[in-house]
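Here's the structure, in structure tokens; my notes come after.
All of these numbers come straight from a predicted model, not from anything done at the bench.
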Amino acid sequence: MSQPESPATWRLCRFNRNGDVPAGYRESYEMIEEATGTVRASCDLLGRAVETPFTILDDGGDTWQVMPNRKVMPTRWTLVADNGDVQLQLDLRLAGKLINPLQRTSLALIDASDNEFARLIDGRKGVAERMLGSTVNDWILVRNEHPIAHLCSLPSREPRRKGVIGRITSFLTPGDRGIVIDSAELSLSAVELLALMAVHNDVTMPL
């Protein structure tokens, strides 16, 4: 897989695919390189991403599997290549959350050697703020407490219509979630970013 240049913005586009869909189909995701508008990775979700294995297709035609560690209340998800190699692991760090339910971590990012190299955390430091719930813009990716990326809201890619109707439609049309790579320290591929965003969305903002 090719690695994204840094800094860069990636857009997670969520939609319902028309036509024949597999049994249990929930929705589809695309990870789009914002600078070029190119879809670099995509997947169909059959149920919730945290509970059901799903396949990611990259722009080179290769496929990758995201596998939860168990069917009931999974705590780790593994991104595996077709040859069986582990590409990335995402962990809830459940033990820490049981001790401190208000801890800031969403997911720990772990490499194939089982070494943690980054964490996705709630960037707000105040406990009172975090008790009120989070939005997509509150999450940042850190390495050794140093920010290397952040999640954000992106406006819809749909062309805006003119006039009052256009303003109303724009207001009612939800935008997309994105991730901005702020540091050259982060070299996650589009497939890895898609796996991270899909699991994080279900962990923190279930529909």
Side-chain angles (χ1 to χ4, degrees), residues 1-69 74 76-91 106-107 109-112 118 120 136-137 139 141 149-159 173-181 186-207:
M1 288 183 294
S2 61
Q3 301 292 338
E5 294 183 359
S6 180
T9 300
W10 293 85
R11 176 184 294 266
L12 181 69
C13 182
R14 305 169 64 178
F15 62 96
N16 292 111
R17 187 158 56 83
N18 297 322
D20 293 332
V21 296
Y25 174 78
R26 181 189 181 196
E27 61 182 338
S28 298
Y29 284 4
E30 291 179 341
M31 184 58 70
I32 300 172
E33 187 179 33
E34 188 72 357
T36 64
T38 304
V39 176
R40 298 297 186 188
S42 60
C43 69
D44 290 337
L45 296 182
L46 309 180
R48 300 182 72 232
V50 293
E51 298 171 345
T52 308
F54 61 96
T55 300
I56 299 177
L57 177 69
D58 72 14
D59 58 338
D62 294 324
T63 56
W64 310 77
Q65 303 294 321
V66 179
M67 309 290 295
N69 63 337
R76 180 175 288 206
W77 299 264
T78 304
L79 176 66
V80 182
D82 270 349
N83 63 4
D85 288 346
V86 173
Q87 185 74 16
L88 175 69
Q89 300 175 86
L90 304 168
D91 195 281
S106 163
L107 293 165
L109 282 66
I110 301 168
D111 63 22
L120 186 58
V136 63
N137 297 307
W139 297 97
L141 198 63
H150 66 275
L151 273 56
C152 64
S153 298
L154 297 173
S156 172
R157 294 172 64 92
E158 295 294 326
T173 302
D176 296 319
R177 294 169 182 168
I179 181 167
V180 179
I181 311 302
L186 182 64
S187 59
L188 293 179
S189 68
V191 169
E192 293 166 320
L193 291 173
L194 177 51
L196 172 63
M197 294 287 283
V199 174
H200 168 75
N201 284 347
D202 273 0
V203 165
T204 60
M205 293 173 279
L207 298 179

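When each of D59, D58, D62 is tested with R40 by the rule salt bridge (Lys or Arg N to Asp or Glu O under 4.0 Å), just one qualifies, namely D59. When the options V199, L141, T204 are evaluated for a side chain to side chain contact (heavy atoms under 4.5 Å, CB included) with S106, the one that passes is T204.
The main-chain N or O of S153 is found under 3.5 Å from a side-chain atom of N137 such that the two form a donor-acceptor pair. Using modelled atom types, one side-chain atom of R11 and one backbone atom of P155 make a donor-acceptor pair closer than 3.5 Å. Between the side chain of Y25 and the main chain of R17, a donor-acceptor pair closer than 3.5 Å is present. Side-chain atoms of N16 come within 3.5 Å of backbone N or O of R26 as a donor-acceptor pair. Of the possible donor and acceptor atoms, one in the side chain of D202 sits under 3.5 Å from a partner among the backbone N and O of A49. Side chain of Q87 to backbone of V80: no donor-acceptor contact under 3.5 angstrom is found.
To the nearest 0.5 angstrom, W77 atom CH2 is 11.0 Å from I110 atom CD1. Note that CG of L79 is 8.0 Å distant from CZ of F54, once rounded to the nearest 0.5 Å. N69 CG to D91 CG: the interatomic distance, rounded to the nearest 0.5 Å, is 8.0 Å. In this structure, E51 CD and L46 CG are separated by 12.5 Å, a value rounded to the nearest 0.5 Å.
Annotation: side chain of T52 is not in contact with side chain of L45 (no heavy-atom distance under 4.5 Å). Residues F15 and E30 form a side-chain contact, since some pair of their non-hydrogen atoms from C-beta on lies under 4.5 Å apart. Looking only at side-chain heavy atoms (C-beta outward), R177 and L151 stay at 4.5 Å or farther from each other. With contacts defined as side-chain heavy-atom distances shorter than 4.5 Å, the pair I179/L12 does not qualify. In this structure, the side chains of V21 and D44 stay at 4.5 Å or more apart for every pair of heavy atoms. For the pair M31 and I56, the minimum side-chain heavy-atom distance is 4.5 Å or more.
Contact record, G178 with M197: O-CE, 4.0 Å, taken as the closest heavy-atom pair. Of all the heavy atoms in C13 and I32, the pair that sits closest is CB-CD1, 4.0 Å. Heavy atoms only, all atoms of each residue included: L186 and A149 are closest at CD2-CB, 3.8 Å. Contact record, A195 with V66: CB-CG2, 4.0 Å, taken as the closest heavy-atom pair. Heavy-atom minimum distance, W10 versus L154: O-CD1, 4.1 Å. Across all their heavy atoms, V180 and C152 have their closest contact at CG2-SG, 3.8 Å.
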Practice item. Begin with the C-alpha distance, continue with both residues' side-chain angles, and end with the deciding distance and a verdict on side-chain contact (heavy atoms from CB on, under 4.5 Å) for L90 and L120. Key: CA-CA 10 Å; L90 304 168; L120 186 58; over 6 Å; no
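The local environment of CG in N83 is crowded, with over 12 non-hydrogen atoms from other residues, nucleotides or ligands closer than 6.0 Å.
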